[in-house]
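In this chain, residues are counted from 1 in sequence order. All of these numbers come straight from a predicted model, not from anything done at the bench.
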Amino acid sequence: MFTKLPLLPADPILGLSAAYHADNNPDKVDLGVGVYKTEQGNTPILACVKQAEAELYQSESSKVYTPPAGVPGANQAAAALAFGEQHAVIREQRVATIQTPGGCGALRTAAELIAKANPNATIWVSNPTWGNHVPLLSSAGITLKQYPYYDFNRHAIDFEAMLTTLSQAGKDDLVLLHACCHNPSGADLTPTQWQKLTELAAERGFTPFIDMAYQGFGDGIAEDAYGVRLMADKLPELILATSFSKNLGLYRERTGSLSIVAPSATAASASLSQVLSITRGLYSMPPAHGSSLVDIIYHSESLHALWLQELTDMRERISGLREQLVSALNSTQQQIDFSFIAQQRGMFSFLGLSTAQVTQLKSEFSVYMTDNSRVNIAGVSNANLDYLSQAIGKVLS
């Protein structure tokens, strides 16, 4: 059975990480893997999580399965964070939320639901988009198309081209959108652009399919959910995948959620039954540890406040690093004005370097980033900023 299987190449990001760890250069810089890092290069467990784990350790009395939809309090928290506690879709019970194994589990489960609801559906994805979006969605047999999003020459969203292309989408189509902190470009839609896109969705009848993996990393919890809340307010249906990997640092706990907004409470209940049937066939029951922590932190006044402060600290650190990186790069060379980096949000940006320049950075300076020059801003630190900017300046000269 297995002798005819070909050897596949390593995942580009994971391969980059392996090369970095094998590099003996003491000045090496890792700008590849998309995880938050401190000044010391660590990805710590948040204090609020540590305290919630201590509470969970004392209170947990069984390892029996969770309900099929996951820990109820975590689903309540996920919906409230995404839509706002008083949003109409929550009051009217038009949103069905389940816990999933990370944001990836939410995306794949949603793709299976779409395939079941409408086998002829097409999902439009941004160009570029997160590298795992395409395999996660296409593995369910869904047809994918691209819409233009990021203009590499202007280092900005090409919104007019985006609207023009999506004007072709119809009622059998879904449009995959990044709620905030667009991965990999860092270029986010403005409130005005969200409003125009919502108007187009209402006119054309396509369904928004929103991935919100970085809520709180852009401008704040409510600010980063602007597009989600607007579309839920103005449109009858949408799909939302969320993740707690970044904003709670629960990477390895695989803690995410899938929310289906339907036109009525009856339709939401039907959607929930279908989603639970799908997850039963995929992974049966969701993991409990991460969602239990979400439940505890969200519903504890003190831990909730501590979490928001820690999230603010992470967000402000990344924002500050963007400003410092722009200053360092613009003072080192004159070939590229890197001011666009400070205008973007979240952990990622494209530097605008060629593949050859990226290769040179890796081979001569041990600076690691993806071939398209996408960098994780959180990998920058005060300790490596000068070395990094000097290295980039040399490959641009």
Side-chain angles (χ1 to χ4, degrees), residues 66-100 103 105-124 137 140 142 166 169-177 179 194-212 215 222 225-242 256-282 286 291 295 298:
T66 67
V71 176
N75 292 332
Q76 179 193 4
L81 287 168
F83 299 103
E85 291 183 350
Q86 301 304 315
H87 197 284
V89 297
I90 293 179
R91 295 198 315 271
E92 298 166 7
Q93 299 182 327
R94 291 195 295 113
V95 57
T97 301
I98 68 164
Q99 182 213 336
T100 58
L107 290 163
R108 179 56 188 269
T109 300
E112 295 288 345
L113 177 66
I114 293 164
K116 195 171 186 178
N118 183 3
N120 297 318
T122 293
I123 301 177
W124 294 77
L137 301 178
I142 302 290
L166 291 181
K171 61 182 181 62
D172 289 334
D173 295 346
L174 299 97
V175 176
L176 184 66
L177 301 163
W194 275 110
Q195 291 161 18
K196 291 182 178 179
L197 192 58
T198 302
E199 292 170 2
L200 181 64
E203 176 187 331
R204 298 295 303 164
F206 63 75
T207 301
F209 183 0
I210 306 176
D211 187 2
M212 186 161 61
Q215 186 180 14
Y226 177 85
V228 173
R229 298 178 184 187
L230 175 69
M231 287 187 152
D233 189 44
K234 301 294 184 181
L235 302 173
E237 297 181 337
L238 67 80
I239 299 173
L240 175 67
T242 63
S257 70
L258 172 65
S259 293
I260 308 296
V261 173
S264 67
T266 300
S269 295
S271 297
L272 177 62
S273 71
Q274 293 288 339
V275 167
L276 293 180
S277 174
I278 290 168
T279 58
R280 179 64 172 164
L282 287 176
S291 59
D295 183 14
Y298 184 82

Open item on the list: Counting C-beta onward and ignoring hydrogens, is there a side-chain heavy-atom pair between Thr279 and Pro286 closer than 4.5 Å?
Closed with: no
- [ ] Search all heavy atoms of Thr100 against all heavy atoms of Ser257 and return the closest pair with its distance.
- [x] OG1-N, 3.4 Å
TODO: Verify, without hydrogens or angle tests, whether Thr109 (side chain) and Ala106 (backbone) share a donor-acceptor contact under 3.5 angstrom.
DONE: no
- [ ] Verify the neighbour count for atom CD of Glu92: are there more than 12 heavy atoms of other residues, nucleotides or ligands below 6.0 Å?
- [x] yes
Task: Interatomic distance, Asp233 atom CG to Thr198 atom OG1 [nearest 0.5 angstrom] - done: 9.5 Å
TODO: Have a look at Ile239 and tell me which of Leu174, Leu176, Ile210 forms a side chain to side chain contact (heavy atoms under 4.5 Å, CB included) with it.
DONE: Leu174
Open item on the list: Atom NZ of residue position Lys116 - does it have more than 12 heavy atoms of other residues, nucleotides or ligands inside 6.0 Å?
Closed with: yes
Task: Leu272/Ile98 under side chain to side chain contact (heavy atoms under 4.5 Å, CB included): CA gap, chis, key distance, verdict - done: CA-CA 8 Å; Leu272 177 62; Ile98 68 164; 3.4 Å; yes
Task: Straight-line distance of Leu276 CG to Leu113 CG, nearest 0.5 Å - done: 10.5 Å
- [ ] Begin with the C-alpha distance, continue with both residues' side-chain angles, and end with the deciding distance and a verdict on side chain to side chain contact (heavy atoms under 4.5 Å, CB included) for Gln195 and Leu230.
- [x] CA-CA 8 Å; Gln195 291 161 18; Leu230 175 69; 3.8 Å; yes
Task: Nearest heavy atoms of Ala121 and Ile142, plus distance in Å - done: O-CG2, 4.0 Å
Task: With Phe209, the side chain to side chain contact (heavy atoms under 4.5 Å, CB included) member among Val175, Leu107, Asp173 - done: Leu107
Open item on the list: Tell me if a side-chain donor or acceptor on Ser277 pairs with a main-chain N or O of Ser273 at a distance below 3.5 Å.
Closed with: no
Under 3.5 Å, which donor-acceptor pairs link side chains of residues 70-88 to any protein atom two or more places apart or in another chain?
from  : atom 1 : to     : atom 2 : distance (Å)
Asn75 : OD1    : Gln99  : N      : 3.1
Asn75 : ND2    : Ala69  : O      : 2.9
Gln76 : OE1    : His299 : NE2    : 3.1
Glu85 : OE2    : Tyr298 : OH     : 2.5
His87 : ND1    : Val89  : N      : 3.1
His87 : NE2    : Arg229 : O      : 3.2

- [ ] Apply side-chain contact (heavy atoms from CB on, under 4.5 Å) to Pro263 and list each qualifying residue two or more places apart in sequence or on a separate chain.
- [x] Pro236, Glu237, Ala267
Task: Nearest heavy-atom neighbours spanning Val228 and Ala179 - done: CG2-CB, 4.0 Å
TODO: Side-chain contact test, heavy atoms from C-beta onward, threshold under 4.5 Å: evaluate it for Leu197 versus Met231 and give yes or no.
DONE: yes
- [ ] Flag the pair Leu240 / Met212 as yes when at least one side-chain heavy-atom distance between them is below 4.5 Å, and no otherwise.
- [x] yes
Open item on the list: Using a 3.5 Å distance criterion without hydrogens, assess whether the side chain of Arg94 forms a donor-acceptor pair with backbone atoms of Val261.
Closed with: no
TODO: Taking all heavy atoms of Val95 and all of Ser259, pick out the closest pair and write down the distance.
DONE: CG2-CB, 3.9 Å
Task: Separation of Thr97 OG1 from Ile90 CD1 (nearest 0.5 Å) - done: 7.5 Å
